[in-house]
Structure formats: C-alpha cells, structure tokens
2 protein chains.
Amino acid sequence: MRKPRADAQKNREKLIDAAREVLGGGGPEASLEAVARRAGVGIGTLYRHFPNREVLFHAVFRQDLEGLVEQAEALEPGEAPLEAVRGWLHANVALVETKRGMLGALSVVMSEESKQTYAELTGRVVRALNRLLAAGVARGQIREGIAAEDLLQTMYAFCYAREPGPEWRAHVLRLLDIFIDGLRRA
Amino acid sequence: MRKPRADAQKNREKLIDAAREVLGGGGPEASLEAVARRAGVGIGTLYRHFPNREVLFHAVFRQDLEGLVEQAEALEPGEAPLEAVRGWLHANVALVETKRGMLGALSVVMSEESKQTYAELTGRVVRALNRLLAAGVARGQIREGIAAEDLLQTMYAFCYAREPGPEWRAHVLRLLDIFIDGLRRA
DNA sequence: TTGAAAACGGAGGGTGCCTCCGTATTATTA
DNA sequence: TAATAATACGGAGGCACCCTCCGTTTTCAA
C-alpha cells in the first residue's frame with residue numbers, strides 16, 4: 001500500500017472548497033459540473049472522489065462541522081464563559097444558515113460510518129460546552145441545571161421554527177440571545 | 001372572446017391527474033415529460049397549460065384541497081359529530097402524506113391570486129369544522145372552547161413533528177386520536 | 001531512471017428542460 | 001352545413017446536466 005498521491009489529495013480539497021462555494025451559493029441543486037469547473041478539475045475527477053452528490057455534501061458538511069468542533073474545544077471560559085457560549089452558538093447558527101439546503105437534501109439513511117463520525121463530533125461539542133457551562137456555574141454567572149444538549153436543542157428549534165428568508169438570521173439570533181440572557185444567574 | 005375549446009379543458013384535467021400520480025409516487029423531482037407521457041399528451045401541451053413545475057404543483061394541490069373542503073362542508077353532525085371531525089382530520093393527514101414533497105418544493109412566494117384562493121378555502125374549512133364543533137357542544141359531547149384553528153394547528157404540528165418514514169402515518173394518527181379523545185366532554 | 005500504479009480529463013450516451021412552429025382540431029360565421 | 005379564423009396540439013431541436021469509460025498523464029518507489 002503505497003503513499004496516497006499528493007495531487008489526489010489536493011484535488012479533493014479543491015473540490016470540497018468549490019462545492020462549499022457553489023452548492024452553498026447556488027443551492028443544493030447546482031450543477032456538479034459547475035463544481036468541477038470551479039475547482040479547475042475534470043468532471044471525471046469529481047466523480048472519482050465523490051461518486052454522487054450526497055457523498056460530496058457529506059464531505060463539505062463534515063469538514064465544516066469539524067471546524068465548529070475545534071472552535072468549541074478552543075474556547076476558554078475566561079472572564080465571561082456565557083459570552084463564549086453565545087459566540088459559539090452564533091457561529092453554529094451561521095453554519096445552519098449556509099447548510100440548510102444541503103442538509104435537507106441529505107438522505108435520511110446514512111452509512112454506519114457517517115453516523116459514528118457525527119456522533120463522535122457532537123459528543124465533543126457537548127463536552128466542550130459543558131465545560132464552559134460548569135465554569136460559569138462555578139463562578140456564579142450561570143444558573144445551574146443547564147446541559148449542553150438543552151442549548152443545542154433550543155438553538156435548532158429556533159433555527160427550524162422559522163422559514164428561511166431575508167430576516168431569518170436576525171430573528172433566530174434575537175430569540176437565541178434572549179434565551180442566553182435567561183441563562184444568567186438571577 | 002369565444003368559448004374555450006373542449007379538448008383543451010380535457011387535456012388540462014388529464015395532465016393534473018397524471019401529475020398527481022407521477023409526482024405523488026415518484027417524488028416532486030419526477031420528470032415532467034413522464035407526466036406528459038402518462039397523460040397521453042405532448043410535452044408542448046403540458047408547458048402551454050403549466051408554464052413551469054410549480055404552477056402544475058399548485059393546480060394539483062388546489063384541486064385536492066377543494067375536494068377536502070367539499071368533504072368538510074358535506075359532513076353532517078348527525079349522532080356523533082366528533083367522529084365526523086375525526087374522519088375529516090384523518091383524510092387531511094392522508095393528503096399531507098401524499099403532498100409533503102410537493103409542498104416543500106413550492107416557492108414561498110405565491111401570487112396574490114393563489115394566496116386569496118387558499119385563504120378562501122381554509123376559511124370554508126374553518127366554518128365547516130366550527131359548525132360540527134358547535135353541534136357537538138350543543139349535544140354535550142364536545143368540550144367548550146375549542147376552535148377549528150386549534151384542530152388544524154394541532155394536526156399540522158403532529159404531521160411535521162416527525163420525519164417521513166414507514167411508521168409516519170400510524171404515528172400521526174395515533175397522537176391525533178388521543179387528542180381527539182381529549183376533546184370529549186369529560 | 002524507469003515502469004507500474006494511481007489519477008486525470010473529457011468525450012459520449014442518455015435524459016430532462018423548455019421553445020418554437022407546422023399541423024390539426026374546434027368554435028363560429030354565413 | 002361549409003368555410004374560416006381562432007385555438008390547441010405534438011414533438012423536433014437546442015441546451016444543460018448526469019454519469020461512465022478509457023486513453024493519456026503524473027507520481028511514487030525501486
């Protein structure tokens with residue numbers, strides 16, 4: 001088993017980046033040939049790396065999710081742990097905004113492998129958020145009895161309660177901020 | 001302004017029926033050429049009647065909705081008004097089941113005309129349901145303070161709370177039946 | 001340096017979208 | 001009823017996209 005070729009890896013990256021731009025901007029229906037063009041790569045190369053649209057979606061989404069997870073793990077409670085939480089939730093809302101279309105197009109059935117990957121990633125997020133929450137509680141800044149899952153669930157509920165539109169993000173963030181303010185120790 | 005041609009009207013009907021079958025069964029992405037074939041009509045005829053996919057969706061949906069409205073208006077309170085309500089709600093769930101994909105594909109922006117049409121149809125449904133509810137209350141069979149809008153909202157909430165799947169309909173109907181049982185005068 | 005493994009690109013066959021226009025059908029007029 | 005004008009029909013054709021296949025090019029390792 002020889003070392004993977006460098007050009008293959010580079011093209012893979014280029015394709016994922018191109019897909020993020022093209023499929024994010026033009027909606028999940030955008031042409032895969034446009035993605036290949038944007039990546040400066042032949043259509044055959046795209047299909048070799050990603051045998052269908054969905055696999056490509058997953059690759060983009062997984063990479064973005066990983067970024068978000070790392071961001072969460074890098075957060076330091078510092079002076080204002082609640083503000084750290086707020087910032088991270090805002091970033092997550094932004095991700096939902098760009099990925100909504102793609103996520104809707106993902107089949108409900110995932111491979112065992114993807115399921116495991118996602119479970120692991122959300123596990124890491126939950127641990128990171130819980131660490132921040134615990135720090136806030138220890139400092140007497142955040143009320144007790146709140147779990148990371150509560151935050152995530154609330155955030156997704158706000159995201160999906162309203163249909164996409166020009167005001168969507170502002171609306172979601174406003175509700176979210178009210179909720180976050182409610183987390184402060186009275 | 002002469003009388004509309006009979007063949008045109010007939011083809012329009014055939015196309016709507018074909019669209020209901022093809023787009024209902026094969027999902028909203030199914031080919032419009034398949035719809036035309038199924039209707040036994042040229043593709044040009046389809047496009048003359050329905051300049052794009054969405055207009056065709058609306059036509060199918062509007063017709064189904066009209067059927068449901070007429071069904072509601074035909075209901076007689078009779079001995080068991082609550083059972084009449086239950087039957088109608090079940091029919092509505094069935095409609096949601098077949099139309100879910102299509103509805104999702106409908107653009108959020110509708111013409112003023114469609115909006116008015118739908119508003120009028122739901123108005124008629126509300127009146128019909130309220131009539132049944134009032135009859136039930138008068139007979140002492142249904143608790144007071146329930147409005148048609150409550151029923152519709154509850155039904156849609158159950159429909160959209162769960163993702164589509166093999167158990168979807170049974171699950172929705174079960175929750176709905178529990179709710180309806182709760183409407184009985186204690 | 002060299003050759004096999006790995007990856008590349010894009011032509012090609014299939015399908016769908018939508019338009020356009022010559023042909024056929026229908027309603028009206030005489 | 002026959003002629004005519006309005007209306008509708010069908011499907012060929014042009015374009016884009018999907019995906020596969022394979023001759024060519026690049027890379028890695030011996």
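Since the model is a prediction, treat every value here as computed from it, not as a measurement. The analysis underlying the following values was restricted to heavy atoms, covering all of them including side chains, and did not include hydrogens, waters or symmetry mates. Letters A, B, ... mirror the listed sequences (proteins, then strands); counts begin at 1.
To the nearest angstrom, C1' of D/dC18 lies 16 Å from CD of A/Glu54. Protein atom CD of B/Gln9 is 11 Å distant from nucleotide atom P of D/dC9, rounded to whole Å. What separates CG of A/Leu32 from P of C/dT15 is a distance of 19 Å, to the nearest Å. Distance A/Ile43 CD1 to C/dG12 C1': 14 Å, rounded to the nearest Å. We find that CG of A/Leu46 is positioned 13 Å from P of D/dC17, with the value rounded to whole Å. Rounded to whole Å, atom P of C/dG9 lies 8 Å from atom CZ of A/Arg48.
If you check every strand for non-hydrogen atoms under 4.0 Å, B/Arg53 touches sugar and phosphate atoms only.
When the nearest nucleotides of DNA chain C are assigned to A/Glu33 and A/Val41 by heavy-atom distance, the more 5′-ward of the two goes with A/Val41.
Applying the 4.0 Å criterion to OP1 and OP2 of C/dC8, one finds that A/His49 has a side-chain N or O inside that range. The side chain of B/Thr45 places an N or O atom within less than 4.0 Å of a non-bridging phosphate oxygen (OP1 or OP2) of D/dG10. For C/dC17, the OP1/OP2 oxygens have a side-chain nitrogen or oxygen of B/Ser31 closer than 4.0 Å. At the phosphate of C/dC8, OP1 or OP2 sits under 4.0 Å from a side-chain N or O atom of A/Asn11.
Side-chain N or O atoms of B/Arg100 include one that pairs as donor or acceptor with a backbone N or O of B/Cys159 at under 3.5 Å. For A/Asp150 (side chain) and A/Ala147 (main-chain N/O), a donor-acceptor pair under 3.5 Å exists by modelled atom type. Using a distance-only test at 3.5 Å, with no hydrogens or angles considered, no donor-acceptor pair links the side chain of B/Thr45 to the main chain of B/Val41. Of the possible donor and acceptor atoms, none in the side chain of A/Arg139 sits under 3.5 Å from a partner among the backbone N and O of A/Pro77.
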Contact pattern, 5' to 3', of nucleotides 24-30 of chain D - B, S or - by protein heavy atom under 4.0 Å: --BBBS-

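More than 12 heavy atoms of other residues, nucleotides or ligands lie within 6.0 Å of CZ in A/Arg131, so this atom counts as buried by the packing criterion.
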